[in-house]
Amino acid sequence: ELEIAIKVIIVGNGGVGKSSMIQRYCKGVFTKEYKKTIGVDFLERIIDVDCEDVRMMCFDTAGQEEFDAITKIYYRGAQACVLAFSTTDRQSFEAIRDWKKKVENECGPDIPTVLVQNKIDMMDQSLVDYEEAELLAQNLGVRLFRTSVKEDLNVSAVFKYLATRCHEI
Ligand code: GDP
Ligand code: MG
């Protein structure tokens, strides 16, 4: 029997919650402090998509977002992409276009991609409002998900959507 496996990359500035999101999705846990993900490649979770098992292999960018040479390895062969920013970090929002370009350079323009506005449990300290996030998503031609990895809001939906999009191709 054929097994479907999807390599998913989660990109965005340091501190937006990428490693936390992978831990949450694949292990069901949230911790404020765990060791930096240097050298770690991926965690996985098997989900059901249209009655088929799909292995979601979630690759972390090793906490060295600024070093192109290292992170390039992580992009190779990616089939789906999460562009993540934190709602409490304006710079992380403004960096999204650059992250998208980087992914396009490595993976081509067509892999299923979503924009994620994380840390919505901290909306009282938000520096990015809903409308501008939605506008960016529209301009990039991707869907916006608002998540809280901490409160486990909408995290599974992000990966389910990507798996479904990959499955359609
Ligand atoms: P990365 O650098 O993008 O991998 O970010 P991390 O996963 O290391 O997370 C950076 C910090 O943000 C950590 O202290 C996390 O516990 C925290 N964090 C991640 N997601 C959330 C969230 O949804 N809400 C809140 N309040 N904190 C979060
Ligand atoms: Mg990290």
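Remember, it's 1-based here, ligands and their atoms both numbered in the order they're listed. As the structure is a prediction and not an experimental result, all values here were calculated from the model. What's counted below: heavy atoms across the whole structure, side chains too, no hydrogens, waters or symmetry copies.
For Arg24 and Glu151, the salt-bridge test fails: no basic side-chain N is under 4.0 Å from an acidic carboxylate O. Salt bridge annotation for Glu104-Lys100: present, with a cationic side-chain nitrogen under 4.0 angstrom from a carboxylate oxygen.
The backbone N or O of Arg76 lies less than 3.5 Å from no partner atom in the side chain of Glu106, so there is not a single donor-acceptor pair. Under a 3.5 Å cut-off, the side chain of Ser126 and the backbone N or O of Val128 do form a donor-acceptor pair. Although no hydrogens or angles enter the test, the distance criterion places no donor-acceptor pair under 3.5 Å between the side chain of Ser92 and the main chain of Arg90.
Considering backbone and side-chain atoms alike, Gly17 places an N or O below 3.5 Å from some N or O of ligand 1. Of the N or O atoms in Thr147, none lie within a sub-3.5 Å distance of an N or O in ligand 1. Where the criterion is an N or O separation shorter than 3.5 Å, residue side chain and backbone included, Met21 fails it with respect to ligand 1. Polar contact check, Gly14 against ligand 1: no nitrogen or oxygen pair lies under 3.5 Å apart. Residue Gly15 has at least one nitrogen or oxygen atom sitting less than 3.5 Å from a nitrogen or oxygen atom of ligand 1, judged on distance alone. Remark: ligand 1 and Asp60 share no N or O pair separated by less than 3.5 Å (distance only, no angle test).
Heavy-atom contacts of Asn13 reach the following atoms of ligand 1: 3 (O) (cutoff under 4.0 Å). Atom numbering of ligand 1 starts at 1 in the shown order; those under 4.0 Å from a heavy atom of Val149 are 20 (N), 22 (C), 23 (O). Atoms of ligand 1 lying under 4.0 Å from at least one heavy atom of Ser148, given by number and element, are 23 (O). The distance from ligand 1 to the heavy atoms of Ser20 drops below 4.0 Å at these ligand atoms: 6 (P), 7 (O), 9 (O), 15 (C), 19 (C). Close approach of ligand 1 to Met122 (heavy-atom distance below 4.0 Å) involves ligand atoms 26 (N). Close approach of ligand 1 to Asp121 (heavy-atom distance below 4.0 Å) involves ligand atoms 22 (C), 23 (O), 24 (N), 25 (C), 26 (N).
Rounding to the nearest 0.5 Å places CD1 of Ile46 at 11.5 Å from CE of Met56. The CZ atom of Arg45 sits 13.5 Å away from the CZ atom of Arg55 when rounded to the nearest 0.5 Å.
Asn118 and Thr147 share a side-chain donor-acceptor pair at under 3.5 Å. In this model, a donor atom of one side chain and an acceptor atom of the other lie less than 3.5 Å apart for Gln117 and Thr87.
Here Ser20 fails the criterion, with no N, O or S atom under 2.8 Å of the Mg ion (ligand 2).
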